[in-house]
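Only this structure's heavy atoms are used, side chains among them; waters, hydrogens and symmetry mates stay out.
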Amino acid sequence: MIKTLCFDFGNVIGFFDHDRAISKLARHTDMAPTELALVLYGGVILDDYEAGRIATPEYVREARLNGRVDCPDDEFLAHFVDIFWPNPEVCDLIPKLAGRYRIVLASNTCDAHYVKYCEMFADTLAHFHDTAGASHRIGARKPHREFFAGAHAFADAEPHECVFVDDLAVNVEAAERFGWKGVLYRPDGSLPHRLRELGVVAD
């Protein structure tokens, strides 16, 4: 019997697009947008930030330096986090599941993005029993096993009693190796059916 549902955030609960941030930050650098995107999102620095190995001030300092971004830290952060918008399909489903199952977060995310979407999606996340399953708080990122072990601490269930919903196959496969059941999310209306196949029924 399924007791706990573990949800990824990005492109599941809320959609995101880093280009929204890049288009604004590119006004403050002589670097091409594609190159700036690689600096901010394609290197070790973001991996370290999402795994909690560095804090927000250090990420901002290094990102601005490496990206030659000439704007104040608070303006950089305001643009950096302005990337999210809701996925109604999942946001509407969460309250219907929360009465029957424990709902927890299991997401790769850095501190600044976490703070932003917890504020933006407060109504949806209020139905979660725990939102601490974020990589920067766990100290490891998906698809590493250490992430799933850390997130499972919030599940209050055995691994086989947990279902994990994520938009990336590599993460779903890693969760299944850990012992969770996995659902590869696609924004096509099929999520309730996919969950029902695993015995998960919404109110």
> Determine whether more than 12 heavy atoms belonging to other residues, nucleotides or ligands lie under 6.0 Å from atom CG of Asp17.
yes

> Please evaluate residues Ile2 and Cys162 with respect to the criterion side-chain contact (heavy atoms from CB on, under 4.5 Å), reporting the C-alpha separation (whole Å), side-chain torsions for both, the decisive distance (0.1 Å), and the verdict.
CA-CA 6 Å; Ile2 301 302; Cys162 299; over 6 Å; no

> When you measure from the side chain of Arg194 to the backbone N and O of Leu184, does any donor-acceptor pair fall under 3.5 Å?
yes

> Supply the atom-to-atom distance Lys24 NZ to Asp19 CG, rounded to the nearest 0.5 angstrom.
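Here the rounded value is 12.0 Å.
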
> Among Asn87, Thr124, Val165, Asp8, exactly one meets side chain to side chain contact (heavy atoms under 4.5 Å, CB included) together with Ile13. Which residue is that?
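Result: among Asn87, Thr124, Val165, Asp8, Thr124 is the only option passing the side chain to side chain contact (heavy atoms under 4.5 Å, CB included) with Ile13.
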
> Mind checking whether Phe121 and Val104 sit in one hydrophobic cluster, side chains of I, L, V, M, F, W, Y counted as touching below 4.5 Å?
no

> Does the plane of the ring in Phe15 sit parallel, tilted or perpendicular to the ring in Trp85? Use 30° and 60° as the thresholds.
tilted

> I'd like to know if Asp30 and Arg68 make a salt bridge, using a cut-off of under 4.0 Å between side-chain N and carboxylate O.
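So Asp30 pairs with Arg68 through a salt bridge.
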
> Output all residues satisfying ring pair (Phe, Tyr, Trp, His ring centres under 6.0 Å) with Tyr59, sequence neighbours left out; order by chain, then residue number.
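If we apply the ring pair (Phe, Tyr, Trp, His ring centres under 6.0 Å) test to Tyr59, skipping adjacent residues, the hits are Tyr49, Phe80.
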
> Roughly how far, to the nearest 0.5 Å, is CG of Asp188 from NE2 of His193?
10.5 Å

> Any side-chain heavy-atom pair from Asp156 and Phe154 closer than 4.5 angstrom?
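No; the side chains remain at least 4.5 Å from each other.
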
> Same hydrophobic cluster for Tyr185 and Phe178, using side-chain heavy-atom links shorter than 4.5 Å among ILVMFWY?
no

> I'd like to know if the side chain of Thr29 and the backbone of Gly67 have a donor-acceptor N/O pair within less than 3.5 Å.
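Present.
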
> Does Tyr101 reach the side chain of Val163, with side-chain heavy atoms less than 4.5 Å apart?
no

> Could you tell me which residues satisfy salt bridge (charged side-chain N to carboxylate O under 4.0 Å, His left out) with Arg64, sequence neighbours excluded, listed by chain and number?
Asp73

> Between side-chain atoms of residues 130-138 and protein atoms elsewhere (two or more places apart, or another chain), which donor-acceptor pairs fall under 3.5 Å?
residue	atom	partner	partner atom	Å
Asp130	OD1	Ala132	N	2.9
Thr131	OG1	Tyr114	OH	3.3
Ser135	OG	Glu50	O	2.6
Ser135	OG	Thr109	N	2.8
Ser135	OG	Thr109	O	3.1
His136	ND1	Thr109	O	3.1
Arg137	NH1	Tyr114	OH	3.0

> Can you tell me how far apart CZ (Arg20) and CD1 (Ile83) are? Round to the nearest 0.5 Å.
9.0 Å

> What about the rings of Phe16 and Tyr117, do their centers lie closer together than 6.0 Å?
no

> Quick check for you: to the nearest 0.5 Å, what is the distance between Leu38 atom CG and Asn66 atom CG?
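Answer for the CG-CG pair, Leu38 versus Asn66, is 12.5 Å.
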
> If I compare all heavy atoms of Val69 with all of Ala63, which pair ends up nearest, and what's the gap?
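The pair with the smallest heavy-atom distance is CG2-O, 4.4 Å.
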
> Taking all non-hydrogen atoms of both residues into account, name the closest pair between Glu89 and Arg186 and its distance.
OE2-O, 4.1 Å

> If hydrophobic residues (ILVMFWY) are linked whenever their side-chain heavy atoms come closer than 4.5 Å, directly or via other members, who joins Val115 in its cluster?
none

> Determine, stepwise, if the pair Asp47 / Tyr41 fulfils side chain to side chain donor-acceptor pair (under 3.5 Å).
CA-CA 8 Å; Asp47 187 75; Tyr41 305 115; over 6 Å; no

> Side-chain heavy atoms under 4.5 angstrom apart, residues restricted to Ile, Leu, Val, Met, Phe, Trp, Tyr: same cluster for Leu93 and Leu105?
yes

> So do the side chains of Pro159 and His152 get within less than 4.5 Å of each other, counting heavy atoms only?
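Side chain of Pro159 against side chain of His152, heavy atoms only: contact under 4.5 Å found.
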
> Any non-hydrogen side-chain atom of His28 less than 4.5 Å from a side-chain atom of His79?
yes

> Are Asp82 and Lys116 within salt-bridge range, i.e. N to O under 4.0 Å?
no

> For Phe7, what residues pass the ring pair (Phe, Tyr, Trp, His ring centres under 6.0 Å) criterion, not counting sequence neighbours?
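Scan of Phe7 (ring pair (Phe, Tyr, Trp, His ring centres under 6.0 Å), adjacent residues dropped) gives none.
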
> Heavy atoms, side chains only, cut-off 4.5 Å: are Phe147 and Asn108 in contact?
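Touching, per the 4.5 Å side-chain cut-off.
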
> Between Asn11 and Asp166, is any pair of side-chain heavy atoms under 4.5 Å apart?
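They are not in contact (no side-chain heavy atoms under 4.5 Å apart), so the answer is no.
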
> To the closest 0.5 Å, what do you measure between CD1 (Ile22) and CE (Met31)?
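Reported value, rounded in 0.5 Å steps: 10.0 Å.
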
> Do His160 and Trp180 have side-chain atoms, one donor and one acceptor, less than 3.5 Å apart?
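Absent: no donor and acceptor within the cut-off.
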
> In chain order, what residues pass the side-chain hydrogen bond (donor to acceptor under 3.5 Å, both in side chains) check against Asp111, with sequence neighbours excluded?
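Partners of Asp111 under the side-chain hydrogen bond (donor to acceptor under 3.5 Å, both in side chains) test: Thr56.
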
> Taking all non-hydrogen atoms of both residues, which atom of Phe148 and which atom of Pro143 are closest, and how far apart?
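In terms of heavy atoms, the two residues are closest at CE1-O, 3.8 Å.
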
> Determine yes or no for a side-chain-to-main-chain donor-acceptor pair under 3.5 angstrom, with Asp48 supplying the side chain and Arg53 the backbone.
no

> List the atom of Thr4, the atom of Ala157, and the distance in Å for their closest heavy-atom pair.
OG1-CB, 3.6 Å

> Treating Ile, Leu, Val, Met, Phe, Trp and Tyr as nodes and any side-chain heavy-atom pair under 4.5 angstrom as an edge, say whether Leu5 and Val183 lie in one connected cluster.
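Yes, same cluster.
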
> State, yes or no, whether a side-chain contact exists between Phe76 and Leu25 at a heavy-atom distance under 4.5 Å.
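Yes, close enough: below the 4.5 Å cut-off.
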
> Do Leu46 and Leu40 have side chains that approach each other closer than 4.5 Å (heavy atoms only, starting at C-beta)?
no

> Would you compute the distance between atom CG of Asn171 and atom CD of Glu176 and round it to the nearest 0.5 angstrom?
11.0 Å

> Using modelled atom types and a 3.5 Å cut-off, is there a donor and acceptor pairing between side-chain atoms of Lys96 and backbone atoms of Val201?
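No; zero donor-acceptor contacts below 3.5 Å.
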
> If two hydrophobic side chains count as joined below 4.5 Å and joins carry through other members, does Phe9 share a cluster with Met120?
yes

